[in-house]
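To find a chain, count down the sequence lines: A is the first, B the second, and so on, and within it residues start at 1.
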Amino acid sequence: MPELPEVETVRKGLLALVQDKTIATVDVYWPKIITNDTAKFQKALQGKVIETIDRRGKYLLFRFSDNLTMVSHLRMEGKYHLDTAVTPIDKHTHVVFNFTDGTQLRYADVRKFGRMTLGLTGFEQSLSGIAALGPEPLSKAFTIAGFTQALKKHHKNIKAVLLDQHTVAGLGNIYCDEVLWLCKIHPLQPADTLTAKEIKALHAAIQIELKTAIAAGGTTIRSYVDASGQQGHFQLQLHVYGREGQPCERCGTIIEKFKVAGRGTHICPKEQQLR
DNA sequence: AGCCCGTCCTGAGGGC
DNA sequence: TGCCCTCAGGACGGGC
């Protein structure tokens, strides 16, 4: 499941593969992936050049010539890769961008949860999802003061707050469990009850964790690969996610798994206690 | 405003 | 072997 480090890894890899390429045509095999009118989407992209690719939270922002931006969210299993027209389209490929040089950018998504939206650059600021997004965790906009203020507004549990993207952008289920373990905070602890010390530790852990995960090319748990088909390596540095039944690396207590906000959640029951 | 829940999807894995 | 059921979950819209 691509979270910020995986999306950033995809962005960098993808940029190296498709920058400056010109789109000839677009094939759409599962129209629900495109939230615009499919025919308009296809027509608008004809002849456009991919100038760069940006990222905001877990969203990829393809910047095209003529002031067009395509917002793309991979959700659970979305993947991009470069291919040639002679390779048969597999059943999980839903959108194909045909370039004028004969190569293709293919979007595959087993679950079909991913979405793409095209508009005039800047439209993404008012797109639901991006408009309400919290600060980028690796930018100066993510301050301890702002983080503290945002946490005070919520009485729901800290894990749900970190997951919902409004307080800070980019964390998903895996990195939430990891940073909470690092800071010894119980995922059900109400956000507005965290101490200043805990908030400071969480703020730091989020940044270190995401930076380290980006450096490792992201985390491959089920199926994540980057734009070149390479797996990430950060799964080797996970402390709690997917480790239920195994001893905590710090204290030896058996890691437990239960549901929080509808998500599988992993904790060390000794070190992460609800207050 | 905040919060919770249903929805979208398919493949993997368990039970019998 | 094969079938059925459950689980995995990010974001969003609707309802309270």
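- Distances were taken from every side-chain heavy atom of K156(A) (C-beta onward) to each of dC4(B), dG2(B), dA11(C); the shortest belongs to dC4(B).
- Between K112(A) atom NZ and dA11(C) atom C1' there is a gap of 19 Å when expressed in whole angstrom units.
- Atom NZ in K32(A) sits roughly 19 Å away from atom P in dG10(C) (whole-Å rounding).
- If you measure from atom CD1 of I174(A) to atom P of dG9(C), you get 9 Å, rounded to the nearest angstrom.
- The side chain of H155(A) contributes no N or O atom lying less than 4.0 Å from OP1 or OP2 of dC3(B).
- dC3(B) atom P lies 6 Å from atom NE2 of H154(A), rounded to whole Å.
- When T52(A), T69(A), I23(A), T22(A) are each tested for a side chain to side chain contact (heavy atoms under 4.5 Å, CB included) with F64(A), only one passes: I23(A).
- Counting only distance, with no hydrogens or angles, the side chain of Q165(A) and the backbone of L163(A) share a donor-acceptor pair below 3.5 Å.
- Within the 4.0 Å cut-off from OP1 or OP2 of dT10(B), not a single side-chain nitrogen or oxygen of K91(A) is found.
- Of the candidates V260(A), L202(A), I199(A), I158(A) forms a side chain to side chain contact (heavy atoms under 4.5 Å, CB included) with just one, namely L202(A).
- Distance, D164(A) CG to dC5(B) P: 15 Å, rounded to whole Å.
- Phosphate contact (OP1/OP2 of dA11(C), side-chain N/O of Q165(A), threshold under 4.0 Å): present.
- In this model, the phosphate group of dA8(C) is approached by a side-chain N or O of K257(A) to a distance below 4.0 Å at OP1 or OP2.
- The ring of F113(A) does not lie on top of the base of dA11(C); it is either too far (5.5 Å or more) or too tilted (30° or more).
- Distance, K153(A) NZ to dC3(B) P: 10 Å, rounded to whole Å.
- Close to dC8(B), at under 4.0 Å from its OP1 or OP2, lies no side-chain N or O of R111(A).
- Within the 4.0 Å cut-off from OP1 or OP2 of dA11(C), at least one side-chain nitrogen or oxygen of K58(A) is found.
- OP1 or OP2 of dG13(C) sits under 4.0 Å from a side-chain N or O of S128(A).
- Note that CD of E124(A) is 8.0 Å distant from OG of S126(A), once rounded to the nearest 0.5 Å.
- No hydrogens or angles were tested; on distance alone, nothing pairs the side chain of R75(A) with the base of dG9(C) as donor and acceptor under 3.5 Å.
- Look at Y241(A) and you won't find any side-chain N or O under 4.0 angstrom from OP1 or OP2 of dA8(C).
- Between H92(A) and dG11(B) there is a side-chain N or O to OP1 or OP2 distance below 4.0 Å.
- Look at CD on E3(A): it is 10 Å from C1' on dG10(C), rounded to the nearest Å.
- Among the atoms of the strands shown, only primed sugar atoms or phosphate atoms (P, OP1, OP2) are found under 4.0 Å from some heavy atom of G129(A).
- At whole-Å resolution of the value, CG in N173(A) and P in dC7(C) are 16 Å apart.
- Considering only side-chain N and O atoms, K259(A) lies nowhere under 4.0 angstrom from the phosphate OP1 or OP2 of dC7(C).
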- Intermediate values then yes/no, side chain to side chain contact (heavy atoms under 4.5 Å, CB included), V95(A) and M116(A): CA-CA 10 Å; V95(A) 184; M116(A) 298 175 195; 3.9 Å; yes
- Item | Derivation of the side-chain hydrogen bond (donor to acceptor under 3.5 Å, both in side chains) call for Y107(A) and D109(A) | CA-CA 7 Å; Y107(A) 177 78; D109(A) 188 341; 2.7 Å; yes
